Amino acid sequence: QVELVESGGGSVQSGDSLTLACKRSGYDYCAYDMRWYRQAPGEERVFVSGIDSDGSVSYAESVKGRFTISQDNAKKTVYLQMNNLKPEDTALYYCKTEGPEESIYYCPTNYWGQGTQVTVSS
């Protein structure tokens, strides 16, 4: 199957920066679209950012201008650089595979990592 391992979380102060990483293993031939989601205690999991196999990126309005998503296909890793962090960014951050929409080979998808905790204090 596909395994996703997130890393890079931690406890920081408002205005600080963190960079999260999500390394993927399994089904290396699949061109996945990758997503970052986050979930705060007692709240639903929400979309944060995404990067598609064609390189297109997207961001939730709440993080636009502060977060940057990128990927290193050779390392099968997607990153989320988070700048000017705010207390409302505090959450468990998950990465997820989505797509591919079309493939000659079997590509299981909709896999989630276990999450990495980001805590931002004021």
Side-chain angles (χ1 to χ4, degrees):
Q1 305 292 64
V2 177
E3 183 181 18
L4 303 174
V5 180
E6 302 100 331
S7 62
S11 182
V12 298
Q13 297 181 348
S14 295
D16 286 351
S17 298
L18 283 173
T19 298
L20 307 182
C22 172
K23 182 175 177 59
R24 184 183 78 253
S25 61
Y27 293 91
D28 296 343
Y29 56 81
C30 295
Y32 289 110
D33 301 331
M34 300 299 297
R35 303 285 185 265
W36 285 99
Y37 289 77
R38 68 187 183 189
Q39 186 170 21
E43 300 183 8
E44 294 186 346
R45 192 170 300 183
V46 298
F47 170 82
V48 176
S49 183
I51 183 166
D52 292 347
S53 60
D54 65 0
S56 61
V57 300
S58 58
Y59 300 94
E61 186 66 28
S62 60
V63 307
K64 192 173 300 181
R66 299 187 297 119
F67 291 10
T68 302
I69 190 170
S70 63
Q71 63 184 343
D72 185 332
N73 288 323
K75 297 180 179 179
K76 297 182 294 183
T77 301
V78 61
Y79 303 93
L80 185 67
Q81 182 177 340
M82 306 182 294
N83 297 326
N84 192 25
L85 284 162
K86 304 175 180 180
E88 49 263 46
D89 296 319
T90 296
L92 190 62
Y93 284 71
Y94 299 89
C95 64
K96 178 192 178 186
T97 63
E98 294 188 358
E101 295 184 357
E102 182 177 341
S103 177
I104 297 177
Y105 303 98
Y106 173 64
C107 289
T109 190
N110 295 320
Y111 286 95
W112 295 87
Q114 293 302 304
T116 184
Q117 180 67 41
V118 172
T119 302
V120 185
S121 61
S122 60

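Note: hydrogens, waters and symmetry copies are ignored here, and every other heavy atom, side chains too, is used. Predicted model, so just to flag it, every value in this text is computed and none were measured.
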How many angstroms lie between atom [atom1] of [X] and atom [atom2] of [Y], to the nearest 0.5 angstrom?
X	Y	atom1	atom2	answer
Ser62	Asp89	OG	CG	7.0 Å
Glu98	Met34	CD	CE	9.0 Å
Phe47	Trp36	CZ	CH2	12.5 Å
Arg24	Cys30	CZ	SG	8.0 Å
Ser122	Leu85	OG	CG	13.0 Å
Gln81	Leu18	CD	CG	10.0 Å

Look at atom CD of Gln39 and say whether more than 12 heavy atoms of other residues, nucleotides or ligands are closer to it than 6.0 Å.
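Yes, enclosed.
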Counting neighbours of OH on Tyr29 that are heavy atoms of other residues, nucleotides or ligands and sit closer than 6.0 Å, is the number greater than 12?
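More than 12 within 6.0 Å, yes.
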Could you name each residue pair satisfying disulfide (SG to SG under 2.5 Å) that touches residues 42-106, not counting sequence neighbours?
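For residues 42-106: Cys22-Cys95.
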Show your working on side chain to side chain contact (heavy atoms under 4.5 Å, CB included) between Val63 and Arg38 and close with a plain yes or no.
CA-CA 12 Å; Val63 307; Arg38 68 187 183 189; 3.8 Å; yes
When you measure from the side chain of [X] to the backbone N and O of [Y], does any donor-acceptor pair fall under 3.5 Å?
X	Y	answer
Ser58	Ser49	no
Thr97	Tyr111	yes
Lys75	Lys23	no
Glu6	Gln114	yes
Tyr59	Ile69	yes
Thr90	Val120	yes

Cluster check [X], [Y]: I/L/V/M/F/W/Y, side chain < 4.5 angstrom:
X	Y	result
Tyr79	Val118	no
Val78	Val57	yes
Leu92	Trp112	yes

With a 4.5 Å limit on heavy-atom distance, are the side chains of [X] and [Y] in contact?
X	Y	result
Tyr32	Pro100	yes
Tyr105	Tyr27	no
Arg35	Asp52	yes

To check you understand the geometry: which heavy-atom pair defines the closest contact between Ser56 and Asp54, and what is its length?
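Between these two residues, the closest heavy atoms are OG-OD1, 2.8 Å.
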Testing Leu20, Leu80, Asn84, Asn83 for side chain to side chain contact (heavy atoms under 4.5 Å, CB included) with Phe67, which one passes?
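That would be Leu80; it is the only one of Leu20, Leu80, Asn84, Asn83 passing the side chain to side chain contact (heavy atoms under 4.5 Å, CB included) with Phe67.
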Listed partners of Gln13 passing side chain to side chain contact (heavy atoms under 4.5 Å, CB included), at least two apart:
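Per chain and number, Gln13 pairs via side chain to side chain contact (heavy atoms under 4.5 Å, CB included) with Asp16, Ser121.
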Report yes or no: is the cationic atom of Arg45 (NZ for Lys, CZ for Arg) under 6.0 Å from the centre of the six-membered ring of Tyr94, at an angle within 45° of the ring normal?
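Yes, Arg45 and Tyr94 form such a contact.
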